[in-house]
Protein chains: 2
Amino acid sequence: MTGAAGDLEPTDSAIVRELAANGRCSFTDLAERVGLSVSAVHQRVRRLEQRGVIRGYGARLSCEAVGLPLTALISLTPIDPAAPDDYPQRLEHIPQIESCYSVAGDESYVLLVRVGTPAELEELLRRIRESAKVSTRTTVVLSTPYEGRVPAL
Amino acid sequence: MTGAAGDLEPTDSAIVRELAANGRCSFTDLAERVGLSVSAVHQRVRRLEQRGVIRGYGARLSCEAVGLPLTALISLTPIDPAAPDDYPQRLEHIPQIESCYSVAGDESYVLLVRVGTPAELEELLRRIRESAKVSTRTTVVLSTPYEGRVPAL
DNA sequence: TTTGAAAGAGCCTGTTA
DNA sequence: TAACAGGCTCTTTCAAA
């Protein structure tokens with residue numbers, strides 16, 4: 001199946017797919033691949049950006065090559081169930097936290113973190129527990145067969 | 001290669017940081033921000049790409065806007081412990097799987113998946129169990145306070 | 001490794017259909 | 001909306017230091 005294109009036109013969908021895979025693709029190439037004029041593509045991309053469909057562009061980095069070879073998933077459980085639920089904000093300042101998901105289940109949040117060494121992970125856990133008053137359960141990532149694949153729109 | 005942790009030069013580090021945040025940044029802007037000539041920056045970026053530090057570029061998409069509002073984390077446990085461990089390959093063809101992590105702990109893998117509806121999640125789980133001969137434990141993501149933040153190099 | 005220059009390619013606005 | 005045409009910026013490659 002081609003997947004759910006959501007409320008996206010076929011042309012917009014093609015543009016988004018192309019840019020997701022190839023973020024630095026020129027408008028000229030883009031135009032060729034989706035079969036439109038350059039200015040028409042240009043206009044559509046701007047609209048996709050303004051509508052928030054495209055939130056920005058980024059380089060895909062090799063975590064290892066960049067000094068962050070250790071990835072972990074950290075599940076958070078509030079210690080005081082009566083405390084206000086502002087955990088994401090309390091943790092936002094910690095740069096090692098790449099993603100923060102609010103989840104259904106036994107635990108309240110799952111964090112994806114990147115560090116250089118086990119010692120740094122230990123220190124990070126200490127900071128997380130301290131900053132957010134939570135208990136943590138950590139799942140260390142041993143390897144990453146694939147990650148951040150482009151969705152099939 | 002050598003790829004050890006922070007063996008990234010300050011200048012390369014600045015370039016990588018800038019491109020991670022701003023993937024479509026022009027070489028001219030990049031040169032200004034890191035204080036180098038355009039051609040020097042150009043050369044360094046090419047080298048970072050060849051060394052695999054920069055693996056590519058992509059548009060950051062809004063999953064909701066793109067028709068994939070439902071995210072889940074799926075933990076995998078092999079049914080037959082004697083079976084060969086080729087689960088990632090067996091699942092690779094399923095486009096709804098964005099990331100696949102091999103993890104330490106009770107379970108063997110954690111998948112991050114994106115679908116449009118609960119029904120699609122149900123169907124996806126069926127396919128995963130079938131394709132990989134695993135049992136699954138699914139954690140539904142209720143909201144995403146933040147995701148894919150740029151690492152602090 | 002960096003620089004500056006120069007040719008080509010691509011970007012992007014305003015205008016027309 | 002989409003195409004076109006313009007002026008202008010950016011990319012990319014060179015020789016040189």
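Just so we're on the same page: letters track the sequence lines, and every chain starts at 1.
Distances from the side chain of Arg46(A) to the nucleotides dT1(C), dA2(D), dC12(C) place dC12(C) closest. The side chain of Leu36(A) sits closest to dA3(D) out of dA3(D), dT2(C), dT1(C). Nearest nucleotide to the side chain of Ser26(B), out of dT13(D), dT11(D), dT2(C): dT11(D).
Atom CD of Glu32(B) and atom C1' of dC10(D) are 12 Å apart (whole Å). In this structure, His42(A) places its NE2 atom 14 Å from P of dA2(D), rounding to the nearest Å. Remark: C1' of dT11(D) and CG of Leu19(B) are 14 Å apart, rounded to the nearest angstrom. As rounded to whole Å, 12 Å separates atom P of dT1(D) from atom CG of Leu48(A). Across the protein-nucleic acid pair, Leu30(B) atom CG and dT2(C) atom C1' stand 15 Å apart, rounded to whole Å. In this structure, CZ of Phe27(A) is placed 12 Å from P of dT11(D), rounded to the nearest angstrom.
Atom CD of Glu122(A) sits in a sparse spot, with 12 or fewer heavy atoms from other residues, nucleotides or ligands closer than 6.0 Å.
At least one test fails for Arg55(B) against the ring of Tyr146(A): distance under 6.0 Å to the centre or angle within 45° of the axis.
If you check every strand for non-hydrogen atoms under 4.0 Å, Val38(A) touches nothing. Contact annotation for Ala40(A): backbone-only contact, meaning every heavy-atom pair under 4.0 Å involves sugar-phosphate atoms and none involves a base.
For Arg114(A) (side chain) and Gln96(A) (main-chain N/O), no donor-acceptor pair under 3.5 Å exists by modelled atom type. A distance-only check finds a donor-acceptor pair linking the side chain of Arg149(A) to the backbone of Glu92(B) [under 3.5 Å].
Between Arg24(A) and Arg44(A), the one whose closest nucleotide on DNA chain D sits nearer the 5' end is Arg44(A). Mapping Thr11(A) and Asp29(B) onto DNA chain D by nearest heavy atom places Thr11(A) at the nucleotide closer to the 5' end.
Interface remark: the Ser39(A) side chain does form a donor-acceptor pair with the dC4(D) base, using a distance-only criterion of under 3.5 Å.
Regarding contacts with the backbone of dC11(C), a side-chain N or O of Thr28(A) is found under 4.0 angstrom from either OP1 or OP2.
Contact check on Arg46(B) versus Glu49(B) returns a salt bridge, with a Lys/Arg side-chain nitrogen under 4.0 Å from an Asp/Glu carboxylate oxygen.
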